[in-house]
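Encoded as C-alpha cells, the structure appears first; notes follow it.
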Amino acid sequence: MALSNYVKSADFKNEKHVPVITAPDTVAAGEKVRIELEVGKDIAHPNTTEHHISWIKLYYVEEGTTLPYEVARLEFNVHGEAGAGANEGPVYAEAAGVVVASFKKSGKLIATSYCNIHGLWESEKDIVVK
Ligand code: FE
C-alpha cells in the first residue's frame, strides 16, 4: 500500500499528534506570511528521549493542481539525550516553529509531522491569495 494510506489525520483538539497550522485565511499576492507550525498546541505531546516529534514539514498545493511543493522542514534534533543517559541532557527541542513564505496563487498548506513511535500525521489549511 502507498505511504499515504498510513498518514493519519484528526482534529487537533482531540489528537495530540496533529500538526497545527496557524496562518491567515487571506493574503495579498507576494505578501510575506508568517505560518506557525506546532504539534501539541492544545494537548501536549511527550518530549522525551524515548518519545518525541522528530520533524514537521510544510507543503503547498496550488488550487486546481495535484503537485505538492515542499516549502520548509523543521527538524527537532535533541530530546534530553546525554552521555549520562536518556532524559539526563540539558536541552529539549520543542515541536514548533515559524515559516515565512509568500504566495502568488491560492492553494492549500499541508503539514506533516512525525512521532518516533506513533508515525505520520497531517493537517491542512486553505490560503486565498487576493
Ligand atoms: Fe507520539
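Each ligand, and each atom within it, is numbered from 1 in the order the structure gives. Because the structure is predicted, anything quoted here is derived from the model rather than measured.
Considering every non-hydrogen atom in both A10 and E15, the closest pair reads CB-CB, 3.7 Å. Taking each heavy atom of K13 and I43 in turn, the nearest pair found is O-CD1, 3.1 Å. Closest approach of C115 and I53 over heavy atoms only: CB-CD1, 3.8 Å.
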Assess the residue pair N116 and H51 against the criterion (side chain to side chain donor-acceptor pair (under 3.5 Å)); give the C-alpha distance rounded to whole Å, side-chain angles, the decisive distance to 0.1 Å, and a yes or no. CA-CA 6 Å; N116 69 320; H51 183 193; 5.0 Å; no

Starting from the C-alpha separation in whole Å, work towards a yes-or-no answer on side chain to side chain donor-acceptor pair (under 3.5 Å) for N87 and E50. CA-CA 8 Å; N87 302 301; E50 301 86 352; 2.9 Å; yes

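Shown here are the side chain to side chain donor-acceptor pair (under 3.5 Å) partners of K105, two or more places apart in sequence or in another chain: there are none.
For the Fe ion (ligand 1), the set of protein N/O/S atoms nearer than 2.8 Å consists of H17 NE2, H45 NE2, H51 NE2, C115 SG, H118 ND1, ordered by chain and number.
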